[in-house]
Amino acid sequence: MKKSAIDASVEENQTEAAERRAKGEFVRGVSGFRKAIGDPEFPAEPGRYHLFVAFNCPWCHRVTLARNLLGLQDSITLDVAFPNRTGDGDPVGPNFWEFNPSRVSSLTGASLPECTPETGTGRGYRLVKQIYAAEGGDEGSVPMLYDKKNNRIVNNESADIIRMLNAHAGALSGIATWADRPDLYPIDAALRAEIDTLNATIYANINNGAYKAGFSSDQAVYANAFKAYFRTLEQLETRLASDGRSFLTGSHFTEADLRLFPTLYRHDPVYYIRMKLNGARILDYPHLWRWLCRVYALPGVEQSNSLVHCRQGYFGRSW
């Protein structure tokens, strides 16, 4: 799945990225593995694919939402990393995602039951970086979609993964038709254009915008991100309020809703403080709050993540 140009709904422009980072701006990197289910080497088959995720990560939350909403829990297996990365005392070094189900959460005083060992490769790796290294890669990010049959990484860009899971949901699940399965990206051209426009705004101002505010040390970058974030929340509130619609594009849940949810899910309990986005709570936007509750009530959404993992990942320290 090669990209001929920057897709503003998927990735950030990398122009002068090093210089921008040096000045204190958070600049998200570009994912390096961009193959797709449906390519000749990666056919859509039940039981073939595996996801590596961390529940505190909003980009991972996208793919766990898609997996659950599309009914793929039984056909795509899943490993969950601990929400804090390795520390300075780790023999390999700090800042690596690890699969360590016995690691203790400083918030709960116990291990986190959702965390798993690494089971996707058959090699029992402890670190995500080891999975990349086995293919000669130097990345270390999650989410990652993995082919268990050929022991290969398929893709590590969340936007690509949710799109391909939706496109091949029937073949991946082994159930060609399923009345309750949503179509996250319907074939209607006008609706796709609307979703694409929403995706670009939500990515730049909300999903990535939260990190621009919280992780940039440049005051001007923070101020611009803060304004754009809350301006977009106001626009989305008005959109939902205008005709009482249930979801962003109307009566049906789509990819635009899925991509917005992980950030808003984290806003009140985490981002309000950690990302310095204290202009308002989602609770202060009545239509967005009802939308958030409506999405959370959909089958599989609650099980797709954990606020304990989110709080541990953004605030906690573990040993």
Side-chain angles (χ1 to χ4, degrees), residues 50-69 72-74 76-132 140-146 156 158 210-211 214-215 261-277 281-283 292-293 295-319:
H50 187 87
L51 285 167
F52 297 108
V53 302
F55 275 177
N56 56 304
C57 168
W59 314 101
C60 291
H61 196 176
R62 289 177 170 189
V63 301
T64 58
L65 278 170
R67 173 180 177 262
N68 286 12
L69 286 165
L72 300 174
Q73 299 96 318
D74 294 333
I76 297 180
T77 48
L78 182 78
D79 286 339
V80 180
F82 191 82
N84 293 124
R85 305 188 199 190
T86 57
D88 291 332
D90 191 275
V92 178
N95 205 33
F96 298 121
W97 291 110
E98 70 165 336
F99 299 101
N100 187 350
S102 64
R103 189 170 170 182
V104 173
S105 162
S106 59
L107 296 182
T108 68
S111 59
L112 299 174
E114 298 86 359
C115 292
T116 69
E118 190 275 296
T119 66
T121 68
R123 298 180 178 91
Y125 291 127
R126 179 173 70 93
L127 303 176
V128 169
K129 69 165 291 190
Q130 293 173 299
I131 305 171
Y132 285 103
S141 66
V142 285
M144 182 202 304
L145 180 68
Y146 191 81
N156 65 341
S158 62
Y211 284 78
F215 288 172
F261 182 80
T263 304
L264 269 55
Y265 172 85
R266 287 161 174 75
H267 179 92
D268 288 15
V270 177
Y271 289 174
Y272 184 89
I273 297 172
R274 176 61 184 87
M275 300 304 199
K276 301 181 283 289
L277 290 168
R281 302 166 300 168
I282 303 305
L283 188 61
L292 188 69
C293 295
V295 174
Y296 188 77
L298 294 174
V301 171
E302 181 180 358
Q303 295 76 26
S304 69
N305 212 260
S306 164
L307 280 176
V308 172
H309 282 241
C310 293
R311 292 175 58 237
Q312 178 67 43
Y314 286 98
F315 297 123
R317 293 178 180 266
S318 292
W319 53 90

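For the single chain, residues carry numbers from 1 onward in sequence order.
Pairs passing the salt bridge (Lys or Arg N to Asp or Glu O under 4.0 Å) check and including a residue from residues 86-95, sequence neighbours excluded, read Asp90-Arg126. Residue pairs that meet the salt bridge (Lys or Arg N to Asp or Glu O under 4.0 Å) test with at least one member in residues 261-274, sequence neighbours left out, do not exist here. The ring pair (Phe, Tyr, Trp, His ring centres under 6.0 Å) pairs that include a residue from residues 90-119 are Phe52-Phe99, where partners are two or more places apart or lie in different chains.
In this structure, the ring pair (Phe, Tyr, Trp, His ring centres under 6.0 Å) partners of Phe261, at least two apart in sequence or on a different chain, are His61, Tyr265. Every residue was checked against the side-chain hydrogen bond (donor to acceptor under 3.5 Å, both in side chains) condition with Gln73, not counting sequence neighbours, and none meets it. Under the side-chain hydrogen bond (donor to acceptor under 3.5 Å, both in side chains) criterion, Thr64 pairs with no residue at all, not counting sequence neighbours. Take Tyr132 and apply the ring pair (Phe, Tyr, Trp, His ring centres under 6.0 Å) test, not counting sequence neighbours, and it matches Phe33. Residues forming a side-chain contact (heavy atoms from CB on, under 4.5 Å) with Ser306 (at least two apart in sequence, or on another chain): Phe55, Glu114, Val308, His309. Every residue meeting the salt bridge (charged side-chain N to carboxylate O under 4.0 Å, His left out) condition with Arg281, not counting sequence neighbours, appears here in chain and number order: Asp284. Residues that satisfy the side-chain hydrogen bond (donor to acceptor under 3.5 Å, both in side chains) test with Tyr271, not counting sequence neighbours, are Tyr314. With sequence neighbours excluded, the residues forming a side-chain hydrogen bond (donor to acceptor under 3.5 Å, both in side chains) with Glu118 are Thr121, listed by chain and number. Scanning for side-chain contact (heavy atoms from CB on, under 4.5 Å) contacts around Pro113 gives an empty result, with sequence neighbours left out.
With hydrogens and angles ignored, the 3.5 Å screen pairs no side-chain donor or acceptor of Glu302 with any backbone N or O of Tyr296. When atom types are taken as modelled, the side chain of Asp79 and the backbone of Thr116 share no donor-acceptor pair closer than 3.5 angstrom.
Between Leu51 atom CG and Cys60 atom SG the span is 9.0 Å, to the nearest 0.5 Å. Distance check: Asn100 CG to Ser111 OG gives 9.5 Å after rounding to the nearest 0.5 Å.
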